[in-house]
2 protein chains.
Amino acid sequence: MSLAHAVLTSLLEKPSSGYDLARRFDKSIGYFWHATHQQIYRELARMEAAGWIESSIPADAGKTRKKEYRVLAAGRKELARWAEQSSPPMDLRDEFMVKLRADAVLSEVNLRPELARHLALHRDKLAQYQTIETRDFPADRTLSRHAQIQHMILKKGILYEQNSIAWTLEMLDVLAQLAAPKGSSTP
Amino acid sequence: MSLAHAVLTSLLEKPSSGYDLARRFDKSIGYFWHATHQQIYRELARMEAAGWIESSIPADAGKTRKKEYRVLAAGRKELARWAEQSSPPMDLRDEFMVKLRADAVLSEVNLRPELARHLALHRDKLAQYQTIETRDFPADRTLSRHAQIQHMILKKGILYEQNSIAWTLEMLDVLAQLAAPKGSSTP
DNA sequence: TGCTCCATGTAACACGTTACATGATTGC
DNA sequence: GCAATCATGTAACGTGTTACATGGAGCA
């Protein structure tokens, strides 16, 4: 389990409401660990019951139901314990590879539109990441420990997208060759 | 849902028992879609109930409980339908990035042993992939459509591992710098 | 008035993981 | 005879997804 720990990390960076957390999970942390608001509320309830976090009504709540969560000592300790524990490296789980394999055996599926769509999405995401990079991490050497680590996390995302783009282009090329090989009529 | 479709693909490539499928999911397809034998048996039961596959006792069963599954026309149709459907690109879900972020905010975790461990695992996997590549895909141009697609799937894995290795090395370097900056005593 | 956004939640279900159970076959 | 491997399954639980519900605040 690891969503709880992602939430703890996020709360340590900045005490927040469940709603705010859910939105932050669509950015920063969410690039590597997505979660819906329902999952987040469920985890917050559990962690409060476990004594890892506590909630209070913030000053700017007004008449809303807004709550703000803070990490307690027990939560911080749990996060440190978990972080030092070893865990298997991420496993790929790429639906598109299954589709490709299905196409390889069926030979009757046209995956090119989907590939083109993914290509555009990867390029968008890469552009986003690069914008963040030039804005937040200008000249490495002067950056704090915290910022240097954040930068490396972002770089991982950038590498991944660049990778995906390169591979997708090659794949499109292969499919184009297969669809219209030299000197043949339509397949 | 996509495990069912991964299983269908695997069965089209070669009709098999649940046990054989489970083992194949630790190789080839499993590089991009892992599943335990319990999941596979559950899916096989569902798909048989849905009329996508059928089972029979194979000639070499002897007194064992062995069953062999084959894909029916309905299953093949379902796989083609699913494969043409668009789906979001794979999302990263990397526990280690959460740990890094936790370290960035806690500053009291030593992630270097874990990074070194992952580095070794990535190198192993890359070596495995490259062995398969030189064995199965020698001189692209003469390969069948099926083999060319399989090769591209393998290449995706190779790129991913190379990427991970490069990033991990850089990360180790950053952590080493942070632990022992120029002109300082032990931290 | 009705729309969108803020904010929190319940319920049901699908998928993934772990532990356990059972029994036959193969090899030492 | 005993251990490992083949082969299939049940049960319980944890996590992730989807749909729905509720109600206040701000705005046209």
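In what follows, every chain begins at residue 1, and chains take the letters A, B, ... in the order their sequences are listed. All values below were derived from every heavy atom in this structure, side-chain atoms included, with hydrogens, water molecules and symmetry-related copies excluded.
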Student: How many whole angstroms separate atom NE2 of B/H34 from atom P of D/dT15?
Tutor: 18 Å

Student: What nitrogen or oxygen pairs link the protein and nucleotides 20-22 of chain C at under 3.5 Å?
Tutor:
unit_1: C/dT22; atom_1: O2; unit_2: B/R65; atom_2: NH2; d: 3.2

Student: Atom CG of A/D91 and atom C1' of C/dT17: how far apart are they, to the nearest Å?
Tutor: 13 Å

Student: Just checking, is any N or O donor in the side chain of B/K99 or A/S87 under 3.5 Å from an acceptor N or O on the other one?
Tutor: yes

Student: Base, sugar-phosphate, or nothing: which does A/T36 touch, judged by heavy atoms less than 4.0 Å apart?
Tutor: base

Student: To the nearest 0.5 angstrom, please state how far the NZ atom of B/K67 sits from the CD atom of B/E48.
Tutor: 6.0 Å

Student: I need the CG-P distance between B/L3 and C/dT17, as an integer number of Å.
Tutor: 10 Å

Student: Of the candidate nucleotides C/dG9, C/dG16, D/dC6, which contains the atom at the shortest distance from the side chain of B/Y19?
Tutor: D/dC6

Student: For the pair A/R23 and A/D20, find out whether any cationic side-chain nitrogen is under 4.0 Å from an anionic carboxylate oxygen.
Tutor: yes

Student: Between B/R46 and C/dC15, is there a side-chain N or O to OP1/OP2 distance below 4.0 Å?
Tutor: yes

Student: Could you state the CG-C1' distance from B/D20 to D/dT8, rounded to the nearest angstrom?
Tutor: 12 Å

Student: Does the pair A/Q85 and A/R81 meet the rule for a side-chain contact (heavy atoms from CB on, under 4.5 Å), with working shown?
Tutor: CA-CA 7 Å; A/Q85 222 183 229; A/R81 187 200 62 75; 2.9 Å; yes

Student: Let me know the distance between CD of B/E43 and P of C/dT17, rounded to the nearest Å.
Tutor: 13 Å

Student: Using whole Å, what does the distance between atom P of nucleotide C/dC6 and atom NZ of A/K67 come to?
Tutor: 19 Å

Student: Does A/E133 reach the main-chain N or O of A/H151 with its side chain, forming a donor-acceptor pair under 3.5 Å?
Tutor: no

Student: Nearest nucleotide by nearest heavy atom, which residue falls closer to the 5' end of DNA chain C, A/E68 or A/R42?
Tutor: A/E68

Student: Which word best sums up how the rings of B/Y31 and B/Y129 line up, parallel for under 30°, tilted for 30 to 60°, or perpendicular for over 60°?
Tutor: perpendicular

Student: In this structure, which stretches of DNA chain D are paired as stems of three or more consecutive Watson-Crick or G-U pairs, both distances less than 3.5 Å?
Tutor: C:1-28 with D:1-28

Student: Heavy atoms, side chains only, cut-off 4.5 Å: are B/F32 and B/M90 in contact?
Tutor: no

Student: Could you state the interatomic distance from CD (B/Q148) to NZ (B/K155), rounded to the nearest 0.5 Å?
Tutor: 9.5 Å

Student: Ignoring the backbone of B/S17, work out which of C/dA7, D/dT8, D/dT15 is nearest its side chain.
Tutor: D/dT8

Student: How long is the line joining OH of B/Y41 and P of C/dG16, in whole Å?
Tutor: 18 Å

Student: Could you check how far CH2 of B/W33 sits from P of C/dT17, rounded to whole Å?
Tutor: 11 Å

Student: Does A/M152 offer a backbone N or O that forms a donor-acceptor pair with the side chain of B/W167 under 3.5 Å?
Tutor: yes

Student: Under 4.0 Å between a side-chain N/O of B/R93 and OP1 or OP2 of D/dG16, yes or no?
Tutor: yes

